[in-house]
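Shown next, in structure tokens, is the structure this report addresses.
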Number of protein chains: 2
Amino acid sequence: MPNNHFKRGELYNVINGMGTIAVARRMQKNFRNAGLEITIEQWSVLFHLWREDKLSQQELCNRTFRDKPSITRLIDNLEKLHLVKRIPSPTDRRINLITLTEAAQNLQQITIDIANQTMAEALVGVDKSEIEIVKNVFQRVYNNLTQVSGE
Amino acid sequence: MPNNHFKRGELYNVINGMGTIAVARRMQKNFRNAGLEITIEQWSVLFHLWREDKLSQQELCNRTFRDKPSITRLIDNLEKLHLVKRIPSPTDRRINLITLTEAAQNLQQITIDIANQTMAEALVGVDKSEIEIVKNVFQRVYNNLTQVSGE
DNA sequence: TGAAATTAGTTGCATAACTAACTATATGCC
DNA sequence: GGCATATAGTTAGTTATGCAACTAATTTCA
């Protein structure tokens with residue numbers, strides 16, 4: 001019957017629909033309300049640089065799951081905002097190392113607080129064990145689709 | 001300490017990162033490999049029309065969690081592909097009802113099969129109870145962010 | 001009835017995504 | 001050493017997303 005037929009298509013729309021979209025919009029809105037001009041995509045790049053500065057663009061691709069042109073343009077825009085700089089790698093002239101400016105360092109605390117607060121709003125009534133399961137499922141999905149047989 | 005500090009930001013990147021991106025890419029790739037020219041976003045609109053034809057654009061916004069301009073342009077593109085038509089509502093001249101063409105009807109079976117197969121690939125090693133939890137969590141997240149206090 | 005408010009849809013502008021094709025540098029190997 | 005191959009990053013073209021501002025039609029209600 002149709003209902004059964006639709007089940008997994010339905011699931012795709014769940015995973016890639018309401019939840020993720022709602023969280024992204026709220027996060028963006030909370031940034032804006034705090035007077036922050038950055039996009040959540042830009043923020044997710046900064047996030048990885050706060051953990052480890054001077055990553056190559058390729059490494060940022062790997063960590064943010066984006067392709068190279070996406071990172072090129074995100075870095076372009078972050079440079080325009082004076083939040084990062086491209087510096088040439090001393091050992092490989094193909095590579096740019098992306099480094100945070102002082103302005104970006106000042107954003108870490110406030111934006112991560114907002115991210116935490118946004119996720120807290122999002123996860124009201126969801127308990128820790130469920131969150132762990134969601135994380136595990138997404139990790140497995142990612143592995144399923146990017147291992148050997150995959151990409 | 002930093003590690004703890006990053007936890008929820010991390011979670012945001014999980015929900016809105018690897019899993020969803022990997023699934024979307026694979027789905028698009030599987031469509032392409034089957035010779036289908038539509039995008040997954042276009043497909044998600046058709047998906048709701050297969051369930052119920054002749055929805056207004058606003059209703060498609062609600063069901064796909066997109067805003068009105070997004071739907072306007074998706075419908076523009078689907079019209080160019082001769083997969084849907086705008087027909088004026090007989091009762092309210094502000095409203096367009098979106099209706100499937102025969103070409104779109106012929107896509108239902110094959111694309112939903114591909115969606116099912118893609119989700120099957122993605123969910124290897126994930127059991128049904130976990131999938132239920134993911135769906136529930138996303139539903140609650142969505143509700144948390146769109147109820148009263150929210151939007 | 002008629003003005004104000006609401007709702008449906010479109011347009012303009014900026015950011016971001018993917019693919020494919022490209023340049024430049026580095027590595028592998030004969 | 002030098003050619004083939006691989007890797008890092010950029011550019012071009014298409015689609016999609018969000019917000020803000022807009023037009024047109026409908027509803028509310030004084």
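Letters A, B, ... are given to chains in the order of the sequence lines, protein chains preceding strands, and every chain is numbered from 1.
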One character per nucleotide, please: for nucleotides 11-21 of chain C, 5' to 3', B when the base has a protein heavy atom closer than 4.0 Å, S when only the sugar-phosphate does, - otherwise.
BBB-SSSBBB-
Verify whether one side chain among [X] and [Y] offers a donor that lies under 3.5 Å from an acceptor in the other.
{"X": "Arg94(A)", "Y": "Ser89(A)", "result": "no"}
{"X": "Glu102(B)", "Y": "Asn106(B)", "result": "no"}
{"X": "Asn136(A)", "Y": "Glu130(B)", "result": "no"}
{"X": "Ser70(A)", "Y": "Asp67(A)", "result": "yes"}

Taken to the nearest whole Å, CZ/Arg94(A) to P/dT25(C) is 10 Å
Can you check whether Arg93(A) has a side-chain N or O nearer than 4.0 Å to OP1 or OP2 of dT23(C)?
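Indeed not, no polar side-chain atom of Arg93(A) lies that close.
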Quick one: is Gln57(B) getting a side-chain N or O under 4.0 Å of the dA8(C) phosphate, OP1 or OP2?
no
Do the ring planes of Phe138(A) and Phe138(B) sit parallel (below 30°), tilted (30 to 60°) or perpendicular (above 60°)?
parallel
So the contacted stretch of DNA chain D, first to last nucleotide with an atom under 4.0 Å from a non-hydrogen atom of chain A, runs from dT7(D) to dC19(D)
Quick check for you: to the nearest 0.5 Å, what is the distance between Lys54(B) atom NZ and Lys85(B) atom NZ?
11.0 Å
Roughly how far, to the nearest 0.5 Å, is the CZ atom of Arg73(A) from the CD atom of Glu41(A)?
14.0 Å
Just wondering, do Lys135(A) and Gln139(A) contact through their side chains at under 4.5 Å, heavy atoms?
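The answer is no; the side chains never approach within 4.5 Å.
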